Chemist: 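Sharing a structure, written as structure tokens. Questions coming.
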Amino acid sequence: MTTAPWRDPALPAAARVDDLLSRMTLEEKSAQLYGVWVGAATDGDGVAPHQHDMTVDYEWDELITRGLGQLTRSFGTAPVDPALGAQALARAQRRITEAGRFGIPAVAHEECLAGFTAWQATAYPVPLAWGATWDPPLVEEMARRIGDDLRSAGVHQGLAPVLDVVRDPRWGRVEETIGEDPYLVGTVGTAYVRGLESAGVIATLKHFAGYASSAGARNLAPVRAGTREFADVTLPPFEMALREGGARSVMAAYTERDGVPASADPELLTGLLREEWGFTGTVVADYFGIGFLHTLHRVAGTPAEAAHAALEAGIDVELPSLKCYGDPLVDAVRSGGIPEELVDRAARRVLLQKCELGLLDEGWTPEPAATVDLDSTGNRILARRLAEESVVLLDNPDGLLPLAPDTRIAVIGPRAADALAMLGCYSFPSHVLTHHPGVPTGIEIPTVLDALRTELPDAKVTFTQGCDVTDPDTSGFEEAVARTAEADVCVAVLGDRAGLFGRGTSGEGCDATDLALPGAQAELLDALVATGVPVVLVLLTGRPYALGRWHGRLGAVVQAFFPGEEGGPAVAGVLSGRVNPSGRLPVSVPQLPGGQPWTYLQPPLGLAGEVSNLDPTPLYAFGHGRSYTTFAWEDGTGGEEPAEIGTDGSYDVSVTVRNTGDREGAEVVQLYLHDPVASVTRPDVRLIGYQRVTAAPGEAVRVTFRFHPDLSSFTDRSGRRVVEPGALELRLGASSADVRHTARLTLTGPVRVLGTDRRLRCETEVTDAG
């Protein structure tokens with residue numbers, strides 16, 4: 001029997017796909033452009049916006065005779081044993097290949113934002129916690145493990161990472177982001193992409209682009225970002241993840257910018273993404289995003305018109321189902337309303353990706369791995385390390401921490417004894433299991449209370465909740481105050497409950513009116529502080545909250561951003577001193593609930609000044625974090641006179657960091673750029689490099705940043721990305737507000753206009769300094 005050219009792995013992928021497309025009917029080509037979501041709920045309480053009214057009925061056996069592009073969330077829709085789920089997915093793939101003329105399997109995709117969103121799978125810390133580690137290699141290792149678990153279950157594509165840059169911390173999805181700085185988001189997000197892709201899983205960049213800039217921090221609200229904010233803050237993480245990470249898919253954002261929804265924007269999805277950046281992978285819709293062009297944005301009058309707009313813009317795959325790219329698309333092409341060339345263009349991209357994955361090969365098999373263990377010992381060890389590195393010690397003014405091993409501790413608060421306090425909204429127990437009462441979590445999640453009792457077995461630990469996360473009821477305060485008065489120290493564990501669409505205080509569709517602690521938690525903290533017993537505030541949250549009300553009144557403040565299944569032991573380890581805290585803030589912590597929206601990327605008039613009575617200066621700055629050891633920063637580069645380099649030159653800026661304490665610890669050396677005068681207003685400082693270093697007592701390391709003027713570039717008034725000659729300052733700091741050394745430069749020569757080959761990253765070198 002002669003093998004058709006499209007089945008021949010010896011031929012170039014393009015030739016194979018061209019041959020296959022020439023044999024396919026319109027219905028078969030369009031079938032490659034949508035997914036099917038088996039078991040999706042339609043009762044109005046789903047895991048995607050408008051799931052109840054956007055899900056389409058279909059007849060499975062008839063539908064798959066055309067073939068199928070994607071299978072939506074076989075593991076992430078309901079609790080299913082991983083081994084049985086892998087076998088069920090393999091059976092579904094066999095049915096798809098047997099039903100269609102060409103035997104092409106579907107791409108199976110899943111959410112994997114904080115680990116594989118599946119029952120019994122490891123729940124890692126959320127992305128905001130990744131940002132708090134400032135440790136891209138560790139994030140890459142986590143993503144590789146997530147990818148290996150996805151592959152073992154038969155999954156090809158992961159819908160992560162989120163590369164949105166925080167612009168307003170009231171937004172519910174802040175927990176899903178990596179932070180408020182594009183360089184931190186870009187470097188950490190790119191590491192995740194590299195890890196996932198190294199496991200053979202397609203990484204999908206979310207949400208392209210501008211989603212986090214929605215007005216008033218309301219989910220899906222219009223984006224008000226201007227041209228320069230969009231170019232210099234929103235887009236760089238995506239560009240880095242594509243150029244350096246090799247991501248093979250991009251998800252279009254739900255939102256509109258200046259009246260044009262991203263899902264119908266050819267300038268964004270084709271002009272910028274493909275023609276300028278050279279992207280060759282697939283663009284997928286966010287769930288129901290194409291249908292929303294008709295129902296929410298109202299830039300299309302029918303599902304077919306929505307399909308036309310999305311295809312023309314450059315969306316190749318409709319997820320999660322076939323609202324628009326199914327029969328409405330086919331009928332519109334047949335009637336001449338949509339050019340078939342648009343279908344061919346998208347189908348070619350989809351099939352090229354399937355060819356890359358081996359799904360067009362004759363010998364492809366859907367059989368899963370012999371063993372499917374989604375929460376292995378290795379996973380848990382890594383989850384613990386990530387959690388430990390992500391915990392931020394915000395304050396410890398009198399050295400109350402670490403706690404004495406035999407002290408009397410009153411543990412108070414609604415987050416202390418709840419395992420879900422560790423998890424973000426895209427972890428399976430928070431995302432799916434809330435719809436399946438009675439089903440166990442499937443993974444072990446020690447609470448802070450349990451972990452603290454294990455960590456300090458000689459301590460006398462008492463507990464009472466005090467209040468709920470959101471309920472204003474204060475009837476539990478009396479007992480909380482009584483337990484605190486009997487103790488040597490109070491550990492108040494407060495924060496968020498992750499959820500979806502208003503079912504939590506953090507998460508998708510759980511936006512906040514201000515940055516006050518939810519419910520009666522602030523009043524509970526007031527009552528505890530009033531006892532006179534030292535209070536350690538532990539926050540388990542998905543966003544920063546205003547803490548100025550208690551500044552100077554607390555014994556210590558510990559911040560953890562939904563630290564995952566091993567977060568309880570990680571937090572307890574910091575409290576006991578077993579773990580030396582090394583996390584640094586990926587977002588600013590405000591003084592007052594109404595002092596935001598604000599991030600540290602502010603031009604002069606965005607800072608405190610005499611023109612307004614409102615002071616937006618944060619209580620704890622971006623990059624801030626304390627340790628149980630001390631570091632001296634010595635011999636920083638920079639003299640009396642500024643160094644001169646050309647606008648295409650280079651300059652090394654260095655500092656020696658010495659551990660002057662009595663225990664090993666980690667410091668994060670951060671490099672910020674200050675541009676005193678430019679042709680457009682610029683942030684007063686912005687991050688352009690960083691390096692996490694570990695040193696034993698007395699040990700010193702030399703950190704060198706290789707600065708290139710490309711890192712000072714910005715979008716000028718004409719829309720070009722330029723490097724301008726003039727004065728610059730390179731500031732080495734322990735945070736954006738804690739500058740230790742400054743090197744002054746003068747860039748000489750002409751204005752340089754940059755292209756897509758510009759340098760995106762500041763290379764670093766770490767050497768032993770004795």
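A quick note: this is a predicted structure, and the numbers were derived from the prediction, not measured. Index from 1, following the sequence.
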Chemist: What are the two closest non-hydrogen atoms of Leu128 and Gly542, and how far apart are they?
Modeler: CD2-O, 3.6 Å

Chemist: Evaluate the side-chain proximity of Tyr628 to Leu393: yes if any heavy-atom separation is below 4.5 Å, no if none is.
Modeler: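 Answer yes - side chains close enough.
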
Chemist: Does a side chain donor of either Asp164 or Thr177 reach within less than 3.5 Å of an acceptor in the other side chain?
Modeler: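 Result is no, nothing qualifies.
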
Chemist: Taking C-beta and beyond as the side chain, do Asn580 and Ser582 meet within less than 4.5 Å on heavy atoms?
Modeler: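 SC-SC contact between Asn580 and Ser582 ruled out.
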
Chemist: Hey, are the side chains of Leu585 and Leu394 touching, using non-hydrogen atoms and a 4.5 Å cut-off?
Modeler: yes

Chemist: Considering all heavy atoms of both residues, which atom of Val668 and which atom of Arg584 are nearest to each other, and what is their separation?
Modeler: CG2-CG, 3.6 Å

Chemist: Quick one about Glu180 and Thr599 (side-chain donor to acceptor, distance below 3.5 Å, no hydrogens or angles considered), yes or no?
Modeler: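 Short answer, no.
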
Chemist: Is it true that Arg173 and Tyr211 share a donor-acceptor pair across their side chains at a distance under 3.5 Å?
Modeler: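 Distance-only check passes for Tyr211 and Arg173.
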
Chemist: Could you tell me the separation between the CG atom of Leu452 and the CD1 atom of Ile409, rounded to the nearest 0.5 Å?
Modeler: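 If I round to the nearest 0.5 Å, the distance is 4.5 Å.
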
Chemist: Is there a donor-acceptor pair closer than 3.5 Å between any side-chain N or O of Ser214 and the backbone N or O of Leu220?
Modeler: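 Judged by distance alone, no pair lies under 3.5 Å.
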
Chemist: Please check if the side chain of Gln670 supplies one atom and the backbone of Ala734 the other of a donor-acceptor pair under 3.5 Å.
Modeler: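 Judged by distance alone, yes, a pair lies under 3.5 Å.
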
Chemist: So, Glu634 and Arg702, do they make that salt bridge, N to O below 4.0 Å?
Modeler: no

Chemist: Quick one: are Pro127 and Ile178 in side-chain contact, heavy atoms under 4.5 Å?
Modeler: yes

Chemist: Quick one: does any side-chain atom of Thr447 pair with a main-chain N or O of Asp450 as donor and acceptor, under 3.5 Å?
Modeler: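 Yes.
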
Chemist: Shortest non-hydrogen contact from Ser736 to Tyr600?
Modeler: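 Heavy atoms of Ser736 and Tyr600 come nearest at CB-CD1, 3.7 Å.
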
Chemist: Give, for atom CG of Leu401 and atom CG of Asn396, the distance between the pair rounded to the nearest 0.5 Å.
Modeler: 4.5 Å

Chemist: Would Arg740 and Trp633 count as a cation-pi pair here, with the cationic atom under 6.0 angstrom from the ring centre and within 45° of the axis?
Modeler: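 The answer is yes; both the distance and angle limits are met.
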
Chemist: Quick check: does any side chain N or O of Asn659 sit under 3.5 Å from a backbone N or O of Arg663, one acting as donor and the other as acceptor?
Modeler: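 Checking the backbone N and O of Arg663 against the side chain of Asn659, a donor-acceptor pair under 3.5 Å is found.
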
Chemist: If you define the side chain from C-beta out and look only at heavy atoms, does anything of Leu494 sit under 4.5 Å from Leu539?
Modeler: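 Leu494 reaches Leu539 side chain to side chain.
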
Chemist: Would Trp134 and Tyr183 count as a close aromatic pair, with their ring centres under 6.0 Å?
Modeler: no

Chemist: Does a donor on one side chain and an acceptor on the other come within less than 3.5 Å for Arg543 and Tyr545?
Modeler: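 Side-chain D/A pair, Arg543 to Tyr545: present.
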
Chemist: Looking at every non-hydrogen atom in both residues, tell me the closest pair between Leu515 and Pro544 and how far apart they are.
Modeler: CD2-O, 3.6 Å

Chemist: So Thr505 and Thr470, side-chain contact (heavy atoms from CB on, under 4.5 Å) or not? Walk me through it.
Modeler: CA-CA 8 Å; Thr505 61; Thr470 57; 3.3 Å; yes

Chemist: May I ask you to decide whether Arg578 forms a salt bridge with Glu388, counting only side-chain N to carboxylate O separations under 4.0 Å?
Modeler: yes

Chemist: Under 3.5 Å, which donor-acceptor pairs do the side chains of residues 551-563 form with other protein atoms, sequence neighbours left out?
Modeler:
from	atom 1	to	atom 2	distance (Å)
Arg553	NH1	Arg549	O	3.0
Gln559	NE2	Thr541	OG1	2.9

Chemist: How about Glu664 and Thr694: do any of their side-chain heavy atoms sit closer than 4.5 Å?
Modeler: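 Of all side-chain heavy-atom pairs linking Thr694 with Glu664, at least one is under 4.5 Å.
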
Chemist: Working to the nearest 0.5 angstrom, can you tell me the gap between Phe463 CZ and Glu479 CD?
Modeler: 9.5 Å

Chemist: Decide yes or no on side-chain contact (heavy atoms from CB on, under 4.5 Å) for Trp550 and Val535, but give the supporting numbers first.
Modeler: CA-CA 10 Å; Trp550 303 281; Val535 175; over 6 Å; no

Chemist: Assess the residue pair Arg682 and Val680 against the criterion (side-chain contact (heavy atoms from CB on, under 4.5 Å)); give the C-alpha distance rounded to whole Å, side-chain angles, the decisive distance to 0.1 Å, and a yes or no.
Modeler: CA-CA 6 Å; Arg682 304 295 298 133; Val680 297; 4.1 Å; yes

Chemist: Give a yes-or-no answer on whether the side chains of Glu508 and Tyr426 include a donor-acceptor pair shorter than 3.5 Å.
Modeler: yes

Chemist: Out of curiosity, Leu671 CG to Ile688 CD1, how far, rounded to the nearest 0.5 Å?
Modeler: 4.0 Å

Chemist: Give a yes or no on whether Glu478 atom CD has more than 12 heavy-atom contacts from other residues, nucleotides or ligands under 6.0 Å away.
Modeler: no

Chemist: Treating Arg692 as the side-chain partner and Thr133 as the backbone partner, does any N or O pair qualify as donor plus acceptor under 3.5 Å?
Modeler: yes

Chemist: Under the 3.5 angstrom rule, does the side chain of Ser627 hit a backbone N or O of Thr629 as a donor-acceptor pair?
Modeler: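 Between the backbone of Thr629 and the side chain of Ser627 there is a qualifying donor-acceptor contact (under 3.5 Å).
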
Chemist: Are Arg167 and Glu229 close enough for a salt bridge, meaning some N to O gap below 4.0 Å?
Modeler: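 A salt bridge is present here (some side-chain N lies under 4.0 Å from a carboxylate O).
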
Chemist: Hey, what's the ring geometry for Tyr192 with Trp130, parallel, tilted or perpendicular (30° and 60° as the breaks)?
Modeler: parallel

Chemist: Within the distance-only criterion (no hydrogens, no angle test), does the side chain of Asp458 pair as donor or acceptor with the backbone N or O of Pro405 below 3.5 angstrom?
Modeler: no

Chemist: Can you check whether Ala608's main-chain N or O pairs, donor with acceptor, with Ser612's side chain at less than 3.5 Å?
Modeler: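 No, because the side chain of Ser612 does not come within donor-acceptor range (under 3.5 Å) of the backbone of Ala608.
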
Chemist: Do Val162 and Val185 have side chains that approach each other closer than 4.5 Å (heavy atoms only, starting at C-beta)?
Modeler: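 Not touching, per the 4.5 Å side-chain cut-off.
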
Chemist: List the steps, then state whether side-chain contact (heavy atoms from CB on, under 4.5 Å) holds for Leu537 with Leu547.
Modeler: CA-CA 10 Å; Leu537 173 60; Leu547 301 179; 4.1 Å; yes

Chemist: Output the distance between atom CG (Leu449) and atom CD1 (Ile412), rounded to the nearest 0.5 Å.
Modeler: 10.0 Å

Chemist: How close do Pro414 and Gln521 get, counting heavy atoms only, and between which atoms?
Modeler: CG-OE1, 3.7 Å

Chemist: Taking all non-hydrogen atoms of both residues, which atom of Val469 and which atom of Asp496 are closest, and how far apart?
Modeler: CG1-C, 4.3 Å

Chemist: State whether the side chain of Asp684 and the backbone N or O of Gln602 hold a donor-acceptor pair below 3.5 Å, judged by distance alone.
Modeler: no

Chemist: State, with a plain yes or no, whether a side-chain heavy atom of Thr255 is found less than 4.5 Å away from one of Pro222.
Modeler: no

Chemist: Can Asp514 and Arg170 be counted as an ion pair, charged N to O under 4.0 angstrom?
Modeler: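 So Asp514 does not pair with Arg170 through a salt bridge.
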
Chemist: How long is the gap from CG on Leu687 to CG on Leu711, to the nearest 0.5 Å?
Modeler: 10.5 Å

Chemist: Do Glu389 side-chain atoms and Asp135 backbone N/O form a donor-acceptor pair below 3.5 Å?
Modeler: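 Here the side-chain-to-backbone pair does not exist.
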
